[in-house]
2 protein chains.
Amino acid sequence: MDTERLRPEPIDLGPLPGLLGHLLRRAHTRMLLDFTESTAEFGVTSGEFALLCLVEANPGVTLGQLATAAALDKSTLSPAMQRLTERGLVERHAVPHDRRAQALRLSPGGAALLPPLKDRIAEHETRLSQPLEASEREMLMRLLRKLNGL
Amino acid sequence: MDTERLRPEPIDLGPLPGLLGHLLRRAHTRMLLDFTESTAEFGVTSGEFALLCLVEANPGVTLGQLATAAALDKSTLSPAMQRLTERGLVERHAVPHDRRAQALRLSPGGAALLPPLKDRIAEHETRLSQPLEASEREMLMRLLRKLNGL
DNA sequence: TATTGTTATACTCTATAACTATA
DNA sequence: TATAGTTATAGAGTATAACAATA
């Protein structure tokens with residue numbers, strides 16, 4: 001990112017501050033960039049972290065179930081899950097009576113990775129939430145959950 | 001996106017619903033996909049629309065100023081602005097006393113495109129905001145503006 | 001030296017469609 | 001026929017770094 005020098009005349013953002021989509025884009029982009037920096041040493045992207053959490057909370061879950069839970073297409077999850085298994089963080093087990101499906105579980109390595117990673121992410125979340133009061137942050141998350149149907 | 005069949009046991013989302021980054025990702029992704037569908041006939045992406053709005057509100061603005069206003073790198077804006085000028089929606093004018101810079105203005109075509117596009121986007125915003133009461137939507141945008149430092 | 005804008009490159013996230021294997 | 005998962009492909013969005021032209 002550039003650090004531009006301050007301008008005498010501030011730019012008029014026009015209708016953008018009144019558009020939810022625009023505000024979400026900006027907020028999401030900022031968080032994603034900081035997430036990547038903050039967790040670089042773990043080598044796990046934001047999306048991969050979400051998958052690890054879901055597998056941890058639902059041992060034996062299948063990829064299709066994860067797709068539903070994460071609101072993503074299976075074709076999005078499949079390569080991500082492949083990286084996680086290749087790196088030895090997730091194990092694929094056979095599912096009785098359905099040889100198409102795969103039961104997903106964290107490996108010991110994956111289980112060991114998550115606690116310190118979660119700590120780092122908690123710091124990142126706190127830092128990025130600085131502009132908000134604690135109560136505002138709670139309210140924001142409540143509204144986003146409702147918007148997302150969660 | 002897949003339409004998965006309903007599962008007897010709902011998936012446990014673990015810590016994800018308590019993470020602002022995760023909630024922002026889901027909300028932003030949903031809005032971006034619907035934006036793309038809703039405005040397909042205009043052939044303008046979400047990011048390009050934001051640039052058009054900024055140029056409209058700040059005729060004569062330079063690319064560097066836009067980068068600051070949109071919180072994006074100039075290398076992100078440069079190709080996007082090139083597409084807009086090639087499509088005849090934005091015009092580049094010379095800046096007196098600085099031949100490096102370019103003063104950006106909407107072309108008549110760009111100015112004509114924006115009103116119906118804005119109407120379409122307003123519908124899209126309303127539709128995606130359905131899960132929220134009007135007052136909740138206002139509150140959500142207020143909190144996002146504060147989070148974004150706007 | 002510093003700044004404006006361009007270009008080359010790379011990475012993340014996401015989807016659709018076509019496919020294989022299995023049910 | 002339908003489903004689970006993979007693969008090929010595409011597109012949006014973003015950044016860093018090196019560069020040419022200009023200040």
Side-chain angles (χ1 to χ4, degrees), chain A residues 1-7 21-22 24-37 39-40 43-51 61-68 70-83 85-86 92 94-104, chain B residues 1-7 21-22 24-37 39-40 43-51 61-68 70-83 85-86 92 94-104:
Chain A
M1 280 276 298
D2 272 359
T3 303
E4 295 286 332
R5 73 172 190 273
L6 290 178
R7 291 283 172 167
H22 180 75
L24 287 171
R25 175 183 74 72
R26 289 180 75 138
H28 175 241
T29 298
R30 282 207 325 143
M31 295 232 39
L32 188 57
L33 286 176
D34 189 82
F35 182 103
T36 304
E37 271 184 43
T39 66
V44 173
T45 70
S46 157
E48 290 166 351
F49 169 70
L51 294 185
V61 71
T62 68
L63 193 136
Q65 289 173 307
L66 284 189
T68 305
L72 297 172
D73 194 86
K74 58 188 180 176
S75 69
T76 300
L77 262 56
S78 182
M81 196 53 77
Q82 250 178 311
R83 284 192 298 275
T85 53
E86 281 164 10
R92 289 161 157 157
V95 172
H97 309 308
D98 190 343
R99 286 190 299 172
R100 295 170 305 178
Q102 51 191 231
L104 303 167
Chain B
M1 280 280 295
D2 273 359
T3 304
E4 295 286 331
R5 72 170 192 273
L6 291 179
R7 293 282 172 169
H22 181 76
L24 287 171
R25 175 183 74 72
R26 289 180 73 135
H28 175 241
T29 299
R30 283 207 324 143
M31 294 228 47
L32 188 57
L33 286 176
D34 190 83
F35 182 103
T36 304
E37 273 185 41
T39 65
V44 172
T45 70
S46 157
E48 289 167 352
F49 169 69
L51 294 185
V61 72
T62 69
L63 193 135
Q65 288 174 308
L66 285 190
T68 305
L72 296 172
D73 195 85
K74 58 189 180 177
S75 68
T76 301
L77 263 56
S78 183
M81 196 54 78
Q82 249 177 312
R83 286 191 297 276
T85 53
E86 279 164 12
R92 290 161 157 158
V95 170
H97 310 307
D98 191 342
R99 284 189 300 173
R100 295 170 306 179
Q102 52 191 231
L104 302 167

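We name chains A, B, ... by the order of the sequence lines, and we start the count at 1 in each one.
Within the 4.0 Å cut-off from OP1 or OP2 of C/dT6, at least one side-chain nitrogen or oxygen of B/Gln102 is found. Remark: A/Ser78 is in phosphate contact with D/dT6, judged by side-chain N or O atoms under 4.0 Å from OP1 or OP2. For C/dT14, neither phosphate oxygen OP1 nor OP2 lies less than 4.0 angstrom from any side-chain nitrogen or oxygen of A/Ser75. A/Ser46 has no side-chain polar atom (N or O) that falls below the 4.0 Å cut-off from OP1 or OP2 of C/dT12. Taking only side-chain nitrogens and oxygens, A/Gln82 comes nearer than 4.0 Å to OP1 or OP2 of D/dT7. Contact between the side-chain N/O atoms of B/Arg92 and the OP1/OP2 oxygens of C/dT4 is not found at any separation under 4.0 Å.
Summarising the geometry, the separation between NZ on A/Lys74 and P on C/dT20 is reported as 14 Å, rounded to the nearest angstrom.
Residue B/Asp98 has its side chain nearest to D/dA23 when only C/dT7, C/dA15, D/dA23 are considered. The side chain of B/Arg99 lies closest to D/dA23, out of D/dT7, D/dA23, C/dT14. With C/dG5, C/dC13, D/dA12 as the candidates, the nucleotide lying closest to the side chain of A/Thr45 is C/dC13.
Distance check, rounded to the nearest 0.5 Å: NE2 of B/His22 to NE2 of A/His28 gives 10.0 Å. Taking CZ from A/Arg100 and OG1 from A/Thr62, the interatomic distance works out to 10.5 Å, rounded to the nearest 0.5 Å. Rounding to the nearest 0.5 Å places CG of B/Leu66 at 6.5 Å from CG of B/Leu51.
Below the 3.5 angstrom threshold, one finds a donor paired with an acceptor across the side chain of B/Arg100 and the base of C/dT3.
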